[in-house]
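Keep in mind that the numbers below use all heavy atoms, side chains included, and drop hydrogens, waters and symmetry copies. Numbered from 1 within each chain, the chains take letters A, B, ... in sequence-line order.
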Protein chains: 2
Amino acid sequence: MNEKLTSSLEDYLEAIYLILKENNTVKAIDVSRKLGVTRASTTEALKKLAQKKLINYGRYDAISITPLGEATAKEVVNKHKSLYEFFRYVLGASDEESQKNACAIEHIISKDVLDRIITFTQNFHKN
Amino acid sequence: MNEKLTSSLEDYLEAIYLILKENNTVKAIDVSRKLGVTRASTTEALKKLAQKKLINYGRYDAISITPLGEATAKEVVNKHKSLYEFFRYVLGASDEESQKNACAIEHIISKDVLDRIITFTQNFHKN
DNA sequence: AACATATGTTAGACATGCCTAACAATAAAA
DNA sequence: TTTTATTGTTAGGCATGTCTAACATATGTT
C-alpha cells in the first residue's frame, strides 16, 4: 500500500501543492508548465497520484490534494527548503545552483543525513 | 557522442574500476555481485559501456577499461569519496548512512556544489 | 577427454516515464 | 449560441533498466 513515491511522482505532487498554495486551485496544465512536461504526461501522473490517495481527481475533474497528499508534499517541500538553505547560505552557492541541486537531491537523501544537515545549518547560523 | 552517462552506467563503470583496482581483473559476474543485479543486466550494461568507448569488451571476452573510462570512473569515485567524508566526518553520520547517501548523490550533484563541499570539508578539518 | 559447474548471452517480459498525434471536453469569444 | 481556443485524454511509440528462463561458452574436475 504505502509504497514510496518515485522521484517523478514526488515532483508532480510537490508542484500541485505549491501551485495550490499560490492559486487556491490547480489545473493539469499548470502542473505541466511548472514541470516542463506535456499534458499527456501530467494526466498519467495524476492518475497514479489519485490511485495512491494523494490527490482527489477524476476524468476532466478538478484536482485537490488529500490530507495524506498534503503531508507528503510538505515533507518534500521541507527537504527542498532545507537543502536549498544549506547550499545557498552555508556553502554559498548561487540561487540557481542551490535550487537545481535541491530539486535533485530532495528525492534521494535519507532522513538521517538530512536531519544532520538541518542541525548543521542551524548551528552555522548561530556562529 | 560524448553524452553524459546515466546513473546506472556510472555505477557499472565505477564497479568495474574498483574491482580492477583490487583484483587486476574483472569478470561480469563480479560486477553483477557488487551491484546486486543479474548477469543479464550486466551484459547489457557492458555493451553500452563498450559502445561509448569506456571499456574494451566483446562477446565472452575479458573486460578492460580504456583511458577515457578510467578517467570517468575516477571522477565518480572522487565524488563518492568527497561526499562520504563530508557525511561521515563533518556531519557525523554512520559509515552505512554515509555510503548509502554518497552512492545516490554522487550521480546527480553538480560540480559547483561538490567543489564547495570539498572546500568546506577541508576547512572543517583545519579547525 | 568427458562431464559438471560456473559464467555469459539472448530473447522476451515488465515497469517507469517521457513523447507525439488524434480526439474529447470545457471554456471563452463572437 | 455557435464557433474557436484551450485544456484534458487516449493510444501508441520510444528509451532505460530490470528481470527470468533458456541456451551458449568457458572452466574445472575426475
Could you state the NZ-P distance from K4(A) to dT16(C), rounded to the nearest angstrom?
14 Å
Shortest non-hydrogen contact from S32(A) to T38(A)?
OG-O, 3.6 Å
Shorter than 3.5 Å, N or O on both sides, protein versus nucleotides 12-19 of chain D: list them out with atom names.
residue	atom	partner	partner atom	Å
dG17(D)	OP1	T6(B)	OG1	2.5
dT18(D)	OP2	S8(B)	OG	3.4
dT18(D)	OP2	Y12(B)	OH	3.1
dC19(D)	OP2	T38(B)	N	3.0
dC19(D)	OP2	T38(B)	OG1	3.1
dC19(D)	OP2	S41(B)	OG	2.6

Checking S98(A) side chain against S94(A) main chain: does a donor-acceptor pair fall under 3.5 Å?
yes
Return the value, rounded to whole Å, for the distance between atom CD1 of I63(B) and atom P of dT7(C).
13 Å
Please give, in whole Å, the distance from dG8(D) P to L46(A) CG?
9 Å
With side chains defined as the heavy atoms from C-beta onward, is the minimum distance between K47(B) and Q51(B) less than 4.5 Å?
no
Closest non-hydrogen atoms of G92(A) and R116(B), given as atom of the first, atom of the second and distance, are O-NH1, 3.0 Å
Report all side-chain donor-acceptor pairs from residues 12-24 of chain B shorter than 3.5 Å, counting only partners two or more places apart or in another chain.
residue	atom	partner	partner atom	Å
Y17(B)	OH	K21(B)	NZ	3.0

Could you check if a side-chain atom of N101(A) sits within less than 4.5 angstrom of a side-chain atom of E97(A), using non-hydrogen atoms only?
yes
Between dT7(C) atom P and Y57(B) atom OH, what is the distance in whole Å?
15 Å
Whole Å only: how far is the CD1 atom of I55(A) from the C1' atom of dG8(D)?
13 Å
Which ILVMFWY residues are connected to Y89(B), directly or by a chain of links, through side-chain heavy atoms under 4.5 Å apart?
Y84(B)
Can you measure L35(A) atom CG to dT16(C) atom P for me and round it to whole angstrom units?
18 Å
When rounded to whole Å, the CD1 to C1' distance for the pair I29(B) and dT9(C) reads 13 Å
Going by heavy atoms in the side chains, are Q122(B) and I118(B) under 4.5 Å from each other?
yes
Pairs under 3.5 Å (N/O, protein and nucleotides 25-29 of chain C):
none

Show me the donor-acceptor pairs, under 3.5 Å and distance only, between side chains in residues 55-64 of chain A and residues at least two apart or in other chains.
residue	atom	partner	partner atom	Å
N56(A)	OD1	S64(A)	OG	3.1

Could you list by number each residue of residues 16-28 of chain A showing a heavy-atom separation from DNA chain D of less than 4.0 Å, or answer none if no residue does?
K27(A), A28(A)
Exam field: side chain R88(B) to backbone A93(B), donor-acceptor pair closer than 3.5 Å
yes
